[in-house]
Structure formats: C-alpha cells, structure tokens
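So the structure is just underneath, and the comments pick up after that.
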Number of protein chains: 2
Amino acid sequence: MIATLTWTADGVRFIDQTKLPLEESYVLAENYEQVARCVETMVVRGAPAIGVSAAYGIALGAMRSTAESAERFAPELAKICARLAATRPTAVNLFWAIDRMKARFAGLASAGLAFDEIKKKMLAEAQAMFEEDIAACKAMGAHGAALLPDEGGVLTHCNAGALATCGYGTALGVIRAAVERGKRIHVFADETRPFLQGARLTAWELMADGVATTVICDNMAASLMRQGRIQAVVVGADRIAANGDVANKIGTYNVAILAREHGIPLYVAAPWSTIDLATASGDAIPIEERPAVEVTHHGGKQLTPVGVSICNPAFDVTPARYVTAIVTERGVLRAPYSEALRGMESSEPALA
Amino acid sequence: MIATLTWTADGVRFIDQTKLPLEESYVLAENYEQVARCVETMVVRGAPAIGVSAAYGIALGAMRSTAESAERFAPELAKICARLAATRPTAVNLFWAIDRMKARFAGLASAGLAFDEIKKKMLAEAQAMFEEDIAACKAMGAHGAALLPDEGGVLTHCNAGALATCGYGTALGVIRAAVERGKRIHVFADETRPFLQGARLTAWELMADGVATTVICDNMAASLMRQGRIQAVVVGADRIAANGDVANKIGTYNVAILAREHGIPLYVAAPWSTIDLATASGDAIPIEERPAVEVTHHGGKQLTPVGVSICNPAFDVTPARYVTAIVTERGVLRAPYSEALRGMESSEPALA
C-alpha cells in the first residue's frame, strides 16, 4: 500500500515524491503552512492528491487555531484558504477542495455548533474526501478497464497513479483494474521531463505492483506507435473544461496528437472534482510556469549552459477533439463533451 | 570558431561533447582505435562529423601502419575499416566516408604509388572531406536561409550544428545563414533526451554566436506550436533513403507530426553524403539501440527505479510525407523525393 498522504495524530504525513524512487522517506506537515509548502515544492503532487492535501491543510488550520469561536476563526480561515489556493494554479481539484471545506465550515458555523465540534467535523470532512477519492479511483478503474485491450501496450504520461491520488490512481487505476481483470498490459511510461514523474514515480509504483513497465523518453512515443507497440493511451487530468478540453501535464497534448495520427485511442481518467464546468474551454485554464531550475538542473547537476533562456510550463491543454473518452467515477463520457458533461453533472457515482 | 575535430601533428583532436557545456575540454585520438572509441562514446557525434572522423581514423591507421607496402597494408585497412564501421550503424555518412577512403586507397595502390606517398594522399583526402563538409554546410545555409521566416520562432531538435559537422552546421547552418542575412530568428532548442544534445550542445554553440535561444523539454513543442510561437522547424539527418524518408535523432518523427498538425513547415538540412540511394525506404534503415544507462542515469545520478525496463533507440524514421523540403549543398529538394533525389544525384554543389 502506497501511503501518498496519511492523516496522523501530528498532522499530514506525505511520502516525499521529490526523493522517489531512490529514497522512500516521509515528511510530516504539522500546520497548514507546511502543507502549502509540500504542495508548492511537489513533495505531494497530482491533482486529486493536491485537493485532499488542501482539505487536510484547512482541517489542520482549524485544529491549530487559537480562535475562541467559529466567528473569530472565519477571517483566519480566509487566510488559510488563500495561502493554500496560491500554491498551484492549474489543478482545479485544489479549488474544489477548498470550496468544499469553506462551505462545510459555513454550514456548521451557521448551524451554531461549538468551534471544537466544528474542528472535528472539518477533519471528518477531509477524511471523507480522502475515502471518496480512493472510491472514485476504484470506480474509474472499473469503468475504464473495459476500454483497454485484452493484450497490448498502453502508454501513460506523467504519474496519474496512487502517488497522484489518495490511492490506486486515475489513469494507473484504469491500468491496475485492467490487469486485475486478467488483461495482459505492458505499460510504457513516458519519463515526463522535467520532473520525471513517469521515470521516477509511475515506474516505481507499477514495479511495486508487479505491472510490466518500460520507461521511455518523451520523444520516443511516436516511434513506438509506428511500430505497433502501443494500443491505447491513458492519462490523468488537472482540469477538464466544460467543452471537454483537458489540461494535464506538459506533453499530454503532444501524445494526444501522436495517438490520433496513429489511430490509437486516448483516454483521460479523472474524478468528477477535476471537471470545471465554470471554465468554458481550455483557453481559459491558467497554466503554471515552474522555475527554470527544473529544466536546467537535475539532482544538483547543471545540464544547460549558464544563462540560457528556458520555458517550463507545467501543463498543456489538449483540445477535446483528441480525447476518445473521459473516464470518471460516474461513468465513461464521449463526445460531444459539453452535452455529456452537463448530462452527468448531477448523477451519482456508479460502479460498473 | 568551434573546433569539433581538428587534425594535428599527433592525431585528431576532438572537443569532448560528453563534457559540454560545463567543461570545454579536448581529447586527442592518436590511432584509429581511439577514433573509433570517440565515435562510440559520443565524444564526437553528428552524422557529418562522424564521417570525417572515420576518414581521419583511416588516414591515421595508414600513417601508424608498419606495413612495408600498400599490398601488405590492404588487409590491415580492411580491419581498420571494419572497426570504424562497427561503431554506429545509423548515420550513413560513416559508411560513405569509409567507402571513399577505401576507393582512394585502391586507386592509389593500383596506380603503383609508394605506400609513403599513399599515406600522404590518404590524409589529404580526409582533409579534403573536412573542407568539403564546411563548404557544404555553408551552401546549405545559403540555400536554406530563404526558407525561414524573416521573423519568428524556429524549432530545432538535437544538435545539427557546428558540433555535428566540421563547422557551421547543417540545420544550425541554415539558421546561422538566416541570422547573418538579417532575419530575426528566435531558436527553440528541444533538449533532446536522453543525451541532451539540444540542451547542452545546441544551446552552447548558438549562445556562443549570440543567436537568441530558448531550451525547451521535448514534450513542450506542441504547446508552443499551438501558441503560434514556432514558424518553422529545421532538423538535420543521419540518413535519407531513396524515397525521402529521414532517419534522424529520436524524437524527430514526433516533431514532424506535431509540425504538420499545426501547419508548420519542417525542413531537413543534410549534405549529399547523408543521402543513401541504395536504401529504398526508411524501413530498411538500421536503428541503433543505445545503452539503457543513458536514460536511467544522468551525470552519475540514477533517475529511475533499479531494474526498470528501458527503451533507448537513438534514432527514428520520419516518413517523407512529413518533410516540407530537404536542403542539401546542391539545392533544395521537394516532393516527390524519389524523383527529386535521382534528378540531383549527378549534379554538383551549387551556391545559391
């Protein structure tokens, strides 16, 4: 069992994803500021994991507060939420989780509960989000497994696995479910520069589960596709707009174009909390630019000439027309996505 | 002036491309075996540079030989050529250079020249190939500069520059010539995993020439294209088949698909020695698989989990239909390439 994030008596314990796969070490965040720093520095990453981390961060903020009442805590909560919201801009699960915790607080406060009671219920809300995330991943796996071939190569980009969620994974949840159902899948993991989530994290967690995995450089995908070695692509998402455009790790758009050129289906697996119906299209999704040092250095070693200009967008947008299907815990959606997403908006998760 | 390979009284001096950009150091190859090792370990790389290196290696082999006559040297020459031919399989310039040196020896030997005289003329042949390579790059630059926009972003992959040739470069020669003619080009250099020829070598040599250059990860190209920041792509080649299929650094095929999807022209710049009319199509080009350690480690630091499976093809094949034009020292070729290549086969280099 991979313990991406775990609630403990002292706070949230994160597996340090900046150290994997060479070192399996853990970081304890004892207050919301430490949670925010873990998100910013990518000790924890992955849209669903970031969302639940923020929820725990807010619960921690309430628990550590010296406010004497819910009313006194309200401005503190606003500050806590603003701090957590400022960590990373693209994954909408972060804002979804913050909004949900804010709404929970507002509901409890307006019901007149004592602040001590509210603290407990806010922690319970974060814990419910943790459990729901794992259940959503399992449901995505159940829905998505049928989409994968009985035998063949499946390409994934970045890490949309247990390490990007509270467990099991979104894209890797679909792969895990397919393997559990007896499908003979060989995973090709894009190494995913610059942070190497594929080479480091996807490889590590799939090897731990005994799933056959080959790491490739991001620029090798087209060559493997042309050789007929890839039958499907499955990726996660950081935000899905109302028209089905998908923001995900930089390079997903490359892979989507290559897949379509070779007639290979591209599936996006994401919990409903990743869907942002308030954002009309991918053009309106803010794309985080990360520090140049992620590209220029690795493990403290410099790769590029001193002073060279660098681009480092952390995400790109894949237009909906490249997406064969979107797998959520509520079921599988197909184009036209605007209608499909609106149609499924009010439905409950359904196990396949 | 970048001294990629230089003939000296003691042998061939190579700039050590495995050490760039952090360290500008040189390696002296005093015999053909040392030249072969420099090619294998990528101290020197780039199809045109490898070809001329092999020619110098053969000249060195002749000079260091203790054979008393050309006749006695002949079996030694076969061994030298076999050793150099076994270094890297994909770039055809290597075999072209070896064949040319063999033919030169055969011609001189059958003319009855003394072996000492033959040695001098074999070195002169290698030196002529060196000079011809630079002249070819300059001619490619002159022909190709007109293809680039007067202002805009030009993407290049790997290093097809001064460091891949005897000077000036093929793809980067086209860019240099465009900049020299006053075009305002901003170069985007794919970092080019796993060996990072773009991040390390292209960035280094373009910065040295004051050409505006931004390094991007290989998986960022589609995103920049969609943003309208790239107006043209220029790459080199390791072998061009008779039908116009292009073998080049792994990832070129990815870039070619992305460029076509965005309506961006893709130009391939290569000397005529890269064209292999004896190979019908790209399917028949042998693709070198390099050691896994290039992907799993960088600078001695391990990136991936121990024991993970790796793919590391050094090249891929871009089908001719993705190539907007091929720029050679003889002129610019356009589809249908079979006819265009045959038509230009016997022509002489023409300066634009």
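Residue numbers begin at 1 in each chain, while the letters A, B, ... track the order of the sequences. Small disclaimer: the values here were computed from a predicted structure and weren't measured.
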Enumerate by number any residue of residues 233-245 of chain A whose heavy atoms lie under 4.5 Å from heavy atoms of chain B; in the absence of such residues, state 'none'. none
CG of B:D283 to CZ of A:R226, rounded to nearest 0.5 Å, is 5.5 Å
Mind ranking B:R200, B:M225, B:H157 by heavy-atom pairs under 4.5 Å with chain A and telling me who comes out on top? B:R200
In terms of heavy-atom pairs under 4.5 Å, which option from A:S309, A:P319, A:G198 contacts chain B the most? A:S309
Smallest separation among heavy atoms of B:P21 and A:T304, with atom names: CG-C, 3.6 Å
Can you sort out the partners of B:Y253 under ring-ring contact (aromatic ring centres under 6.0 Å, His included), two or more places apart, ordered by chain and number? A:H262, B:Y322
How long is the straight-line distance from CD of A:Q227 back to CG of B:D316, given to the nearest 0.5 Å? 9.5 Å
Sort out for me which of A:G251, A:A189, A:A221, A:A212 touches chain B most, counting heavy-atom pairs under 4.5 Å. A:G251
Please classify the contact between A:L22 and chain B as side chain, backbone, both or neither, with a heavy-atom cut-off of under 4.5 Å. side chain
Quick check for you: to the nearest 0.5 Å, what is the distance between A:D190 atom CG and B:R193 atom CZ? 12.0 Å
Interatomic distance, SG@B:C217 vs CD1@A:I250, rounded to 0.5 Å, equals 8.5 Å
Whatever's closer than 4.5 Å to a heavy atom in chain A on B:I310 counts as both
Between A:L303 and chain B, with a heavy-atom cut-off of 4.5 Å, which part of the residue counts as in contact: side chain, backbone, both or neither? both
So, the part of A:V317 with a heavy atom under 4.5 Å from chain B: the answer is both
Are A:M220 and B:P194 side-chain neighbours, meaning at least one heavy-atom pair lies under 4.5 Å? yes
If one checks every heavy atom of A:M207 against chain B at 4.5 Å, the contacting part turns out to be side chain
Starting at CG of A:N254, measure out to CD of B:E261 and round the result to the nearest 0.5 Å. 11.0 Å
Is B:E191 close to chain A through its backbone or its side chain, or both, or neither, when contacts mean heavy atoms under 4.5 Å? side chain
Between A:N312 and chain B, with a heavy-atom cut-off of 4.5 Å, which part of the residue counts as in contact: side chain, backbone, both or neither? both
Looking at chain B, which one of A:I216, A:L258, A:V295 has the largest number of heavy-atom pairs inside 4.5 Å, strictly under? A:L258
I need the minimum non-hydrogen distance between B:R229 and A:C311, along with the two atoms involved. NH2-SG, 3.8 Å
Between A:Q302 and chain B, which part of the residue has a heavy atom less than 4.5 Å away: side chain, backbone, both or neither? both
Under the side-chain contact (heavy atoms from CB on, under 4.5 Å) rule, what do A:N219 and B:T252 come out as? Steps first, then yes or no, please. CA-CA 8 Å; A:N219 59 24; B:T252 303; over 6 Å; no
